[in-house]
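Remember, it's a predicted structure, so these values are computed and weren't measured experimentally. Each chain gets a letter, A, B and so on, in the order its sequence line appears, and its residues count up from 1.
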Amino acid sequence: MYQTSQLADANIKKPDPNLDIQPELNQYLLAVASDQDKAAFAKLFAFFAPKIKAFGLKQFRQEALAMDLVQETMSLVWRKAQLYSPEKGKASTWIFTIMRNYSFDMLRKIQHNKEDNLSDDLWPLYEEAEPESDHDDDHLMRAQLIQGLETLPPKQKEVVEAIYLKEMTHQELAEHLKVPLGTIKSRLRLGLEKLKEQMEQHND
Amino acid sequence: MIKHHPESTMIQAFTAGELPASLSIAVSIHLELCPHCKAIAAKMTQALADEEFNEELELSSNDDFSAMMANITAEPVIPQPEPKNVASEIEVEEKTYTLPRALSRFADSKWSGLGNIQRARLPLEEGEVHASLLQIGEDSAIPHHTHKGYELTLLLDGYFEDESGRYEKGDFIILNGEHQHSPYTAEGCLCYTVSNAPLHFTSGVSKLLNPIGRFLY
């Protein structure tokens, strides 16, 4: 019963037609990587080449240069497909990275006459990891909190630390500090309000 | 802990490949050291890719794509070894540093010194925008100065302090003409800097130092 209704919910959300094709694109790229599968490459080519050309025209405003970008990007996809790893992201993000990198190097050549091909040092192809944002946000949040704690008046700091970092109960702490339970609660409330204000300022 | 991060507009421009090389290097170094900003950049890259590849575009018969494709798939595929980050080390004034990936190719830069400061300029050829590695010796201060243009400092090793606080490895600090500061380092530090105008010394005798300002630029 529960599962059926979940499925129904999932169906209401109509996915973007392009998101639908993503798993397929990943499979094609993996087939190119493992078997140099030309049919799979043809599928990737048909999907990406016109879009890369459009991107190239925006960047360089020249047909020939846009075609260079298509040629080089797709050639790198063919030769470096083994570096792609689906756990680290979608095929289209990986191919975008290759295109962006090559385009950056081309622009540098055109604008500054420098052929130093810096891009692979700036954006390594093999580690454009998918974000693990929740974890990182938590980490940052915790670091901000610990910093914020230092600015609280000592009595509020003591309470917030004991409850949240040492995970004591309100009762335990009241007994430990020999103060009424109500005092613990009001110190905690004042401390948390101050912290919250600080976090909001920090995140503006 | 890193306290100074590039603004999200700058990370966005970096992921789109729109920043000059000198600033791209700084953002890239920061991302290597800051998992928080790295996750933001990864998200932005994915969004850019989705946007760029979202349009419905079909192969046009005018484009000779089939010959291109045939040529590409005729290329032999050489097995790609997992690329390894070869740590590149530099030695400046008897101190050894490991350079971040974005700077690894500049390990052989030529250093020149003035007093307690060693500088290696990066050959990026971006006109008035200069990028350098600076090593400041221990117990050194750079006198009060402002910046005619902007000055970006990415701290690579050690720490320094100025009127606004203490900076640590990975901090990404942008200052412009509105800021006046005199950084001091107790134990010495190594920085990557980008600026588009010489430093301008502001107080008393240190105005005599304006040649140093040009050296640091």
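Both the backbone and the side chain of A:Ala42 come within contact range of chain B, with heavy atoms under 4.5 Å apart. Only the backbone of B:Ala16 comes within contact range of chain A, judged by heavy atoms closer than 4.5 Å. In this structure, the portions of A:Gln71 lying under 4.5 Å from any heavy atom of chain B include both its backbone and its side chain. In this structure, the portions of B:Leu124 lying under 4.5 Å from any heavy atom of chain A include both its backbone and its side chain. For chain A, the nearby part of B:Pro76 is the backbone; its heavy atoms alone come within less than 4.5 Å.
Within a 6.0 Å sphere centred on NZ of A:Lys58, heavy atoms belonging to other residues, nucleotides or ligands number more than 12.
A:Thr73 has its side chain out of reach of A:Phe48: every pair of non-hydrogen atoms, C-beta onward, lies at least 4.5 Å apart.
By a heavy-atom distance cut of under 4.5 Å, not one residue of residues 153-167 of chain B is near chain A.
Electrostatic pairing of A:Lys53 and A:Glu63 counts as a salt bridge here, judged by a charged N lying under 4.0 Å from a carboxylate O.
Closest approach of A:Ile184 to A:Val159, counting heavy atoms only: O-CG1, 3.8 Å.
Pairs engaging residues 56-93 of chain A under the ring pair (Phe, Tyr, Trp, His ring centres under 6.0 Å) rule: A:Phe41-A:Trp78, A:Tyr84-A:Trp94 [sequence neighbours left out]. Counting only residues at least two apart or on different chains, the ring pair (Phe, Tyr, Trp, His ring centres under 6.0 Å) pairs with a member in residues 95-115 of chain A are A:Phe104-A:Trp123.
Among the candidates B:Met69, B:Glu125, B:Glu18, the residue making the largest number of heavy-atom pairs closer than 4.5 Å to chain A is B:Met69. Between chain B and the residues A:Ile52, A:Val32, A:Asn117, the largest count of heavy-atom pairs under 4.5 Å involves A:Asn117.
For the pair A:Lys51 and A:Phe47, the cation-pi criterion (under 6.0 Å, within 45° of the ring axis) is fulfilled.
In this view, B:Glu126 and A:Arg108 satisfy the salt bridge (charged side-chain N to carboxylate O under 4.0 Å, His left out) rule, not counting sequence neighbours.
Remark: B:Leu190 CG to B:Gln135 CD distance equals 6.5 Å, nearest 0.5 Å.
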